[in-house]
Visitor: 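Let me begin by handing over the structure; questions about it come next.
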Amino acid sequence: MDISNKGWMMKRLLLMTFVAILTVFSLSAPIPAGAQSARRVILIDPGHGGSDAGVKIGEKASEKDVTLAVALLMKKALSGGGYDVLLTRTTDASLSAADRVKAAASARPDLVLSLHVNAGFDKKASGFEVWFPGFQAAAGNGGGSKAILKDMAKNTYLNESVRLARAIEKNLSTVFPKASRGLREAPVPLLEGLTVPAVIVEIGFATHPEDRKKLLDDGTRQAVAAALAKSIREVL
Ligand SMILES: [Zn+2]
C-alpha cells in the first residue's frame with residue numbers, strides 16, 4: 001500500500017489498528033501456566049471486507065476476496081494439528097477497527113497473522129512483505145536493521161514475531177521465488193507488554209501482472225495458505 005502519501009497513511013492506520021489489537025491482549029489477565037490449554041489459538045485477520053474492498057485485483061476480485069480466501073484455506077490447513085483457528089471475519093463483512101479489536105480480545109490468541117495485498121506506484125514492485133510491530137525509536141534512530149533487531153531482542157514476543165516473520169519469508173519464497181522484499185519493521189509507537197507473536201503479511205502486489213495472476217489463481221492461494229500454515233507450525 002505504498003501508492004502515495006495516502007497509501008502510507010493507510011498503512012500507518014492499519015498498523016495502529018494492529019497495535020490496538022495487541023494492546024488489548026496485553027491488558028487481558030495472563031492465564032496461569034498450569035491452566036493453559038495445550039491447544040494453541042491462532043487468530044487470522046483477513047484484511048478489509050464488505051464496503052472496504054482494499055486494492056483492486058483484476059475485474060472481479062479485490063484485496064478483501066484474496067485475504068478471506070487465503071485465511072479460510074489457512075484455517076483448513078491448520079485444523080487437526082492442535083490449533084484452534086479463529087478468523088476476525090469468515091464472510092465478506094465490513095469490520096471496523098474496533099470490531100477487529102473486539103474479536104481479537106475475545107479470541108485470546110497465541111499468535112496473530114493479518115493478511116493484506118500490496119500495491120505500488122512502481123509497476124515493477126512484486127513479491128511479498130512481512131511486517132512485524134517494532135519500536136519506533138529503533139526505526140527512527142538511523143541505526144538500520146541491526147539496531148532494530150538489537151532493540152527487539154529485549155522483548156521475547158517481538159523475538160517470536162521475528163522468528164515467525166523469518167519462517168514466513170523462507171516458506172513463501174517457494175511460492176514467490178526470489179520475490180521476498182525482506183522483513184519490515186513497522187514504524188509504530190513503542191510496544192510495551194506485547195504478549196503474542198504477530199505479523200502482517202502482504203502477499204504480492206496487485207499492481208504487478210505476474211503477482212496479480214498468482215493472486216487470482218486458486219492453486220497459488222492454496223500454496224500461500226500452506227506456506228503460512230507451515231510457518232506457524234514451525235514456531236508454535
Ligand atoms: Zn490492505
Side-chain angles (χ1 to χ4, degrees), residues 1-22 43-75 87-104 112-123 125-134 161 164-165 168-169 172 175-176 179-188 198-217 220-221 224-225 227-228 231:
M1 276 194 291
D2 297 330
I3 291 178
S4 61
N5 255 352
K6 197 176 158 228
W8 174 243
M9 288 308 290
M10 285 302 293
K11 176 153 267 167
R12 278 203 67 110
L13 192 66
L14 160 74
L15 292 166
M16 296 297 274
T17 305
F18 197 56
V19 171
I21 290 173
L22 295 169
L43 181 70
I44 303 169
D45 174 41
H48 310 275
S51 56
D52 169 19
V55 297
K56 206 166 150 47
I57 307 163
E59 285 307 306
K60 286 183 191 156
S62 290
E63 182 178 2
K64 66 173 183 177
D65 307 308
V66 175
T67 58
L68 180 58
V70 172
L72 290 169
L73 289 168
M74 280 183 72
K75 184 179 165 78
L87 272 59
T88 52
R89 65 180 177 96
T90 54
T91 61
D92 182 21
S94 291
L95 272 191
S96 70
D99 290 335
R100 285 179 211 268
V101 169
K102 227 195 224 164
V112 184
L113 191 146
S114 187
L115 289 166
H116 284 266
V117 173
N118 233 328
F121 250 149
D122 180 1
K123 296 278 187 283
S126 74
F128 61 90
E129 286 179 345
V130 184
W131 294 73
F132 48 90
S161 297
L164 175 61
I168 290 170
E169 186 177 42
L172 261 190
V175 188
F176 289 91
S180 169
R181 291 168 57 83
L183 305 179
R184 303 295 189 91
E185 187 271 347
V188 292
V199 294
I200 299 170
V201 186
E202 303 234 27
I203 40 174
F205 277 72
T207 39
H208 190 275
E210 285 300 315
D211 278 16
R212 202 157 53 225
K213 227 183 276 173
K214 284 182 177 178
L215 292 167
L216 295 171
D217 173 58
T220 307
R221 290 177 183 182
V224 167
L228 294 175
S231 307

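Numbering starts at 1 and runs along the sequence shown. When a ligand or atom number is given, it counts from 1 through the structure's own listing order.
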Visitor: Are any N, O or S atoms from Glu202 nearer to the Zn ion (ligand 1) than 2.8 Å?
Guide: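 Glu202 does not place any N, O or S atom closer than 2.8 Å to the Zn ion (ligand 1).
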
Visitor: Checking Glu63 against His48: is there a side-chain donor and acceptor pair closer than 3.5 Å?
Guide: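 Side-chain D/A pair, His48 to Glu63: present.
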
Visitor: Suppose we only allow N, O or S atoms; which atom of His116 ends up nearest to the Zn ion (ligand 1)?
Guide: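 It is ND1, the N, O or S atom of His116 closest to the Zn ion (ligand 1).
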
Visitor: Restricting to N, O or S atoms of Glu63, which is nearest to the Zn ion (ligand 1)?
Guide: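 Going through the N, O and S atoms of Glu63 one by one, OE2 ends up nearest to the Zn ion (ligand 1).
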
Visitor: Could you go step by step and tell me if Ile168 and Leu113 meet the side chain to side chain contact (heavy atoms under 4.5 Å, CB included) rule?
Guide: CA-CA 11 Å; Ile168 290 170; Leu113 191 146; 3.9 Å; yes

Visitor: Considering residues at least two apart in sequence or located in another chain, which fulfil the salt bridge (Lys or Arg N to Asp or Glu O under 4.0 Å) criterion with Asp122?
Guide: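 Counting only residues at least two positions away or on another chain, Asp122 forms no salt bridge (Lys or Arg N to Asp or Glu O under 4.0 Å).
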
Visitor: Taking only residues two or more places apart in sequence or in another chain, which ones pass salt bridge (Lys or Arg N to Asp or Glu O under 4.0 Å) with Lys56?
Guide: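 Salt bridge (Lys or Arg N to Asp or Glu O under 4.0 Å) list for Lys56, sorted by chain: empty.
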
